Amino acid sequence: HVQLVESGGGSVQAGGSLSLSCAASGYTYSINCMGWFRQAPGKEREGVAVIDPDGSPIYYADSVTGRFTISTDNSKDTLYLRMNSLKPDDSAMYYCAAKAQGTTCGGRWYAPDRYDYWGQGTQVTVS
């Protein structure tokens, strides 16, 4: 199994920046794709960005392309999300996710049901 713990959420004004981190532990060698999802109240959970553990390929939701950057530090088993030019619509609970079954990132990368492991979430609020 894999355990995921997010950190770094908070409140920021529109146009500001935040960075999220996700520390993975357990059978991290089994991970074949990791990423970030978010869920706002009353909305479905949506894919934000995912990355292959080797660093490529990377997929972004259209709504965050050019503003968010996903990266990994495999030596630390940590996933990051740098969020710039934040908008109120970016406000949500952000979740770290990882998958170890099936194929690597690609295809339906944005589908939550493809992911096996989830963190507890960290809140991002943009006003």
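Keep in mind it's a predicted model, so treat the numbers as computed, not measured.
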List the atom of [X], the atom of [Y], and the distance in Å for their closest heavy-atom pair.
{"X": "Ser91", "Y": "Ala40", "result": "O-CB, 3.8 Å"}
{"X": "Tyr94", "Y": "Glu6", "result": "O-OE2, 3.9 Å"}
{"X": "Pro53", "Y": "Asn74", "result": "O-ND2, 2.7 Å"}
{"X": "Leu81", "Y": "Ala49", "result": "CD1-CB, 4.4 Å"}

Treating Ile, Leu, Val, Met, Phe, Trp and Tyr as nodes and any side-chain heavy-atom pair under 4.5 angstrom as an edge, say whether [X] and [Y] lie in one connected cluster.
{"X": "Trp36", "Y": "Tyr110", "result": "no"}
{"X": "Tyr95", "Y": "Leu86", "result": "no"}
{"X": "Ile51", "Y": "Ile31", "result": "yes"}
{"X": "Phe37", "Y": "Leu4", "result": "no"}
{"X": "Met34", "Y": "Phe68", "result": "yes"}

key: Flag, side chain of Ser30 to backbone of Tyr27, donor-acceptor distance under 3.5 Å   =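 Yes.
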[atom1]-[atom2] distance between [X] and [Y], expressed to the nearest 0.5 angstrom:
{"X": "Arg114", "Y": "Arg108", "atom1": "CZ", "atom2": "CZ", "value": "7.0 Å"}
{"X": "Ser71", "Y": "Leu79", "atom1": "OG", "atom2": "CG", "value": "7.0 Å"}
{"X": "Trp109", "Y": "Tyr60", "atom1": "CH2", "atom2": "OH", "value": "10.0 Å"}
{"X": "Leu20", "Y": "Cys22", "atom1": "CG", "atom2": "SG", "value": "9.5 Å"}
{"X": "Gln3", "Y": "Asp77", "atom1": "CD", "atom2": "CG", "value": "11.5 Å"}
{"X": "Asp90", "Y": "Ser85", "atom1": "CG", "atom2": "OG", "value": "9.5 Å"}

State, yes or no, whether a side-chain contact exists between [X] and [Y] at a heavy-atom distance under 4.5 Å.
{"X": "Val64", "Y": "Arg38", "answer": "yes"}
{"X": "Thr125", "Y": "Val12", "answer": "no"}
{"X": "Cys96", "Y": "Tyr117", "answer": "no"}
{"X": "Leu18", "Y": "Val124", "answer": "yes"}
{"X": "Asn32", "Y": "Lys99", "answer": "yes"}

ask   = Is the CD atom of Glu44 crowded by more than 12 outside heavy atoms at less than 6.0 Å?
value =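 12 or below, so no.
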query = Does the side-chain hydrogen bond (donor to acceptor under 3.5 Å, both in side chains) test come out yes or no for Ser17 and Asn84, once each step is laid out?
reply = CA-CA 4 Å; Ser17 299; Asn84 296 327; 2.9 Å; yes
query = Judged by modelled atom types alone, do Ser19 and Arg82 share a side-chain donor-acceptor pair under 3.5 Å?
reply =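 Arg82 and Ser19 do have a side-chain donor-acceptor pair below 3.5 Å.
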task = Check each of Asp52, Val50, Thr72, Ile70 against Ile58 using the side-chain contact (heavy atoms from CB on, under 4.5 Å) test, and report the only one that passes.
result =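 The side-chain contact (heavy atoms from CB on, under 4.5 Å) with Ile58 is passed solely by Ile70 among Asp52, Val50, Thr72, Ile70.
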